[in-house]
Amino acid sequence: MTDLRAPTLAEALLGWFDRTRRDLPWRRDRTPYRVWLAEIMLQQTQVQTAIPYFERFLARFPTLADLAAADEQAVLKLWEGLGYYSRARNLLHAAKQVVRDFGGQLPCEFKALRALPGIGEYTAGAILSLACGAKTAAVDGNVVRVISRWSGSAWSAKSAQDRRQAADYVLAQMPDSRPGDFNEALMDLGATVCLPQNPRCAACPLAWGCQALRTNLTGALPLRDKSPAVPTEHRLLLLVAAAGLWHVRQRPSDGLLAGLFTFDWLSPNRDPKRFRIYLQGRDDILVRTLPSLTHRFSHLAWHIDALRLELPRADLDELACWLDANEPQPEGRWVDRQDLDQLPFPAAVDRYRRQELDEPFNPSPVSL
DNA sequence: CTCCAGGGGA
DNA sequence: TCCCCTGGAG
């Protein structure tokens, strides 16, 4: 007998998922540790970016217990370039807690997961549904977009209240049999079909019932707030070398780029022009002007001018009054080329590291 | 270039 | 509410 009733959201979505499911590394073996690691990496990060990081991380720390025994710098090194470095630090701290409190096994229990650093509402839901098989919503930005368009609801991914509404909607539609697949299907649809811009509605398995498509509102849903203009800070980066060593500093353990290493910065309360004049008078310091660049963060931008300095000795005493020192190591460190490769650098500064480290030094006049 | 996306902590 | 980072699209 032919089934004449309309399909449900879950049937259409899971049918599509079964045909098009992406083969991603963390889907091959859905253990709580692998799901957890993947979900942390995927926060604010695109799938293609996260894949090589996930592989390297698991190769280095195959189990949660291996991770818990790591030191922070090794974890940050594996996170280098991925951004939002507090995710890596929280991951390590949470792993230690799980070893201490749960014998190294992530608990399949919402309150316990939610209490771990770095695990919020979304990540707890993702671990529970994907790794534990629990019927739990996992509402990220993708899911808010899909459900907001499907239901024609004027929701914003930033609003906690709207995310709750979306979670309630998801839970009401979720089949008892495949909660993890249902959540993953929603995320896949948001990532590959129900795109923020130019959604591919012609290829969408939910087009038949989509309120936003029916009312021509896919461009308006979900609601988004316009991004505010970010202030630009002008900074002078100094790649200081002497006798084959490079001078680096570790940033403070909180705030921007916490715990990562950079080269030196001219102190913000020093005038860059005066510093360039000073350098012209120092015949013993070789200088080269490097290309400038602008690096944007979420809330501010750095316009970076950069100089490479070759000192006669590995000694910063005479230069120290120009430089930006910070706790806990105001004096910084001199490291060789091999050591430098072991230190985590943020993307903004890593571009200079990659470009300059193995370049021969060609001094140039200091431009003012 | 500019615009935009994307969870959690304090 | 603000802070945290990078990459991809156009």
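Sequence lines set the chain letters: A, B, ... in the order given, protein chains first and strands last, and positions in each chain run from 1.
- Within the nucleic acid shown, T123(A) comes within 4.0 Å of sugar-phosphate atoms alone, with no base atom in reach, counting heavy atoms only.
- Heavy atoms of R224(A) sit under 4.0 angstrom from primed sugar atoms or phosphate atoms, though from no base atom.
- Proximity note for Q43(A) (side chain, C-beta onward) versus dG9(B), dG8(B), dC5(C): the nearest is dG8(B).
- Judged by a 6.0 Å distance limit and a 45° cone about the ring axis, R56(A) is positioned over the six-membered ring of Y53(A).
- Listed here is the closest heavy atom pair of V139(A) and R163(A): O-NH2, 2.9 Å.
- Between the P atom of dG8(C) and the CD atom of Q46(A) lies a distance of 7 Å, rounded to the nearest Å.
- Where Y84(A) and G118(A) each meet DNA chain B at their nearest nucleotide, the meeting point lying more 5' is that of Y84(A).
- A residue-by-residue look at Q48(A) and L257(A) shows that L257(A) has its nearest nucleotide of DNA chain C further toward the 5' end.
- The N90(A) side chain lies nearest to dG9(B) when the options are dA5(B), dG9(B), dC5(C).
- Distance R145(A) CZ to dA5(B) C1': 8 Å, rounded to the nearest Å.
- Heavy atoms of E39(A) sit nowhere under 4.0 angstrom from any nucleic acid atom.
- Nucleic acid contact class of Y122(A) (heavy atoms, under 4.0 Å, all strands): sugar-phosphate only.
- Per the SG-SG cut-off, C201(A) and C210(A) are not bridged by a disulfide [distance not under 2.5 Å].
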Self-check item: Test side-chain contact (heavy atoms from CB on, under 4.5 Å) applied to L37(A) and F61(A), step by step
Solution: CA-CA 11 Å; L37(A) 177 62; F61(A) 303 121; over 6 Å; no
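- Along DNA chain C, the nucleotide nearest to L300(A) and the one nearest to Q197(A) differ in position, and the one closer to the 5' end is contacted by L300(A).
- Counting any heavy atom pair closer than 4.0 Å across all strands shown, R351(A) reaches no nucleic acid atom.
- Between the side chain of Q44(A) and the base of dG7(B), at least one donor-acceptor pair of N or O atoms lies under 3.5 Å.
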